[in-house]
Protein chains: 2
Amino acid sequence: MEQLINYIEEFVKLDDDAKAALHALTEMEYFVKSEYILEPDRRCNKIWFLKRGMVRKFYLNDGREKTVWIHTENQTFTSLESYAQNTPSKEYLQTCEDSELISITKDNSEKLAKFPKIVAFVNAMMAREFANIDKHTKALNQRDAKGKYEYLREIAPELLKRAKLGHIASIIGVSRETVSRIRKA
Amino acid sequence: MEQLINYIEEFVKLDDDAKAALHALTEMEYFVKSEYILEPDRRCNKIWFLKRGMVRKFYLNDGREKTVWIHTENQTFTSLESYAQNTPSKEYLQTCEDSELISITKDNSEKLAKFPKIVAFVNAMMAREFANIDKHTKALNQRDAKGKYEYLREIAPELLKRAKLGHIASIIGVSRETVSRIRKA
DNA sequence: GTTTTCTTTTGATGTAAATCACAAAATTAT
DNA sequence: ATAATTTTGTGATTTACATCAAAAGAAAAC
């Protein structure tokens, strides 16, 4: 919980009321390695904060897993399409390691709307997310395999150290063999 | 203006107050073909609705233009990173044809926050945008050149008819020659 | 209505990276 | 510890697409 508050306070300072509301409305969740947090066809009605561990988001594209992203400590995540539009998810969320999460349901997060500081945080985070998606898409579109790998090292060095080679390859959209060769060189 | 209201009313019905506020707070803008609506290093503090014409969003990547998207009638657009984070834009917005736009400044759009229907519209539109970005990114990442072209035809047939071949090629990230060959086949 | 400029087409050539095939290494299960 | 499974590494081959070059076509300028 302390970690989540620190994370939020990078954006805005919170008063005691807001902190108490966060305590009351969030929940701890524990998953062992390889457990599914979310599977397709379920509605995703939570946002998670990753306190410890690693979580992979992926979907199936003619039977082959396509990794969207791998989250490491102190990141928030959800299956955005499902969450935002209340539709069944097309994505899996699966732990890569034993993980501790803090979750908040959509219902509860709406109750936080009365705290202007928290609304400001959510807006700032959304703006940052938008900007990041933009940046990633542009970066991964324009570069060759080595450039993509290096971009990933720039923005997520932790991920590169801990995630499986095959998953990394899938994120940047190149074959496993190519990533193996990039690493050798 | 009628067009903008129709567009909004696909999401939510508006009462007369809200319509009046829209009238008061928005502005018509007229641009001739090839004119710049936005250039890099300027802050983008507006959202536009395209009433007539066509607008291309692009940026420079070592001196080469990379087209992000081309908007046609009845679409809203802005330079999101700049708008959301109040930072200088990295993008150009340029008309491809003589165009009529309805614009609203960020300041004025905040004044609309007192109309719950309009807030609901903005949220619904944002949710849809999120979902679309997600969908595009996935679609354009996984397919070969022909698949990318066909995806574009599915989601934006109008764009394919009216935009220049070179701009279309740039959107889907393949060479002009390749698009020409796809069309011939 | 001609000329100039920009855009698209078409063919030839080169290359980055996918795919295939199998070996080595590392995890996981028994 | 040993076997079974999964993941990673390495070479050979293929291929989709970029790039180069030059002509044909269309649009803009004069």
Side-chain angles (χ1 to χ4, degrees), chain A residues 31-36 53-56 58 60-67 70 92 94-99 138-153 159-185, chain B residues 31-36 53-56 58 60-67 70 92 94-99 138-153 159-185:
Chain A
F31 292 86
V32 299
K33 181 173 178 175
S34 300
E35 211 174 341
Y36 288 99
M54 191 152 75
V55 172
R56 181 167 73 104
F58 69 96
L60 295 181
N61 187 249
D62 355 90
R64 302 154 135 270
E65 289 185 6
K66 167 73 190 178
T67 298
I70 296 174
Y92 295 81
Q94 185 186 28
T95 56
C96 306
E97 304 173 353
D98 293 357
S99 301
K138 285 172 182 167
L140 294 179
N141 255 325
Q142 243 75 71
R143 310 189 186 200
D144 64 6
K146 200 184 168 196
K148 289 175 188 180
Y149 184 82
E150 269 157 16
Y151 173 74
L152 202 61
R153 180 160 56 208
L159 191 163
L160 234 71
K161 278 182 219 120
R162 285 160 67 189
K164 282 191 203 152
L165 178 144
H167 293 159
I168 289 165
S170 180
I171 292 174
I172 61 177
V174 306
S175 70
R176 280 167 287 135
E177 292 90 331
T178 296
V179 171
S180 176
R181 284 173 186 122
I182 288 166
R183 284 188 165 169
K184 187 182 56 176
Chain B
F31 291 86
V32 299
K33 181 173 178 177
S34 300
E35 211 175 340
Y36 289 98
M54 191 152 75
V55 172
R56 181 169 72 105
F58 69 96
L60 296 180
N61 187 248
D62 4 86
R64 304 154 133 270
E65 289 185 6
K66 168 76 192 175
T67 298
I70 295 174
Y92 295 81
Q94 184 186 28
T95 56
C96 305
E97 304 173 354
D98 294 356
S99 301
K138 284 173 181 165
L140 294 179
N141 255 324
Q142 242 77 73
R143 309 189 187 199
D144 65 7
K146 199 183 168 198
K148 289 176 188 180
Y149 184 82
E150 269 158 15
Y151 173 73
L152 203 59
R153 179 159 58 208
L159 190 163
L160 235 69
K161 278 181 220 124
R162 286 160 66 188
K164 282 191 201 152
L165 179 145
H167 293 158
I168 291 165
S170 180
I171 292 174
I172 60 177
V174 306
S175 70
R176 280 168 286 135
E177 293 91 332
T178 295
V179 171
S180 176
R181 282 172 188 125
I182 288 167
R183 284 189 165 171
K184 189 183 52 174

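Lettering follows sequence order; numbering is per chain, from 1.
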Should the pair R143(A)-E150(A) be classified as a salt bridge under the 4.0 Å nitrogen-to-oxygen rule? no
Can you measure Y149(B) atom OH to dT8(C) atom P for me and round it to whole angstrom units? 11 Å
Closest approach to the side chain of E177(B), judged atom by atom: which nucleotide of dC17(D), dA21(D), dA18(C) is it? dA21(D)
Measure the shortest side-chain to side-chain distance between I171(B) and L159(B) over non-hydrogen atoms and say whether it is less than 4.5 angstrom. yes
Atom NZ of K164(B) to atom P of dT5(C): distance rounded to whole Å? 16 Å
Give the rounded distance in Å between these two atoms: CZ of R183(A) and P of dT10(D). 12 Å
K33(B) has an atom NZ; how far is it from atom P of dC6(C), in whole Å? 13 Å
Between T178(B) and dA18(D), is there a side-chain N or O to OP1/OP2 distance below 4.0 Å? yes
Remember a base hit wins even if backbone is also touched, and classify V174(B) as base, sugar-phosphate or nothing at under 4.0 Å, heavy atoms. sugar-phosphate
Over how many whole Å does the gap from L160(A) atom CG to dT8(D) atom P extend? 12 Å
To the side chain of L165(A), which of dA28(D), dG9(D), dT19(D) is closest? dG9(D)
Starting from the 5' end of DNA chain C, give me the residue, A145(A) or R181(B), whose nearest nucleotide shows up first. R181(B)
Please tell me if the side chains of E65(B) and R56(B) come closer than 4.5 Å, counting only heavy atoms from C-beta onward. yes
Can you tell me how far P of dT7(C) sits from CD1 of I168(B), to the nearest Å? 13 Å
note: D144(A), atom CG; dG14(C), atom P; distance rounded to Å ~ 20 Å
Specify whether Y36(B) and Y92(B) have parallel, tilted or perpendicular ring planes, treating 30° as the upper limit for parallel and 60° as the lower limit for perpendicular. tilted
Does G147(A) reach a base, just sugar-phosphate, or nothing at all? Heavy atoms under 4.0 Å. nothing
What does S180(A) touch in the nucleic acid at a heavy-atom separation under 4.0 angstrom: a base, only the sugar-phosphate, or nothing? base
Whole angstrom value for the distance that separates P of dA27(D) from NE2 of H167(B): 15 Å
Can you find a pair of side-chain heavy atoms, one from R183(A) and one from I168(A), that are under 4.5 Å apart? yes
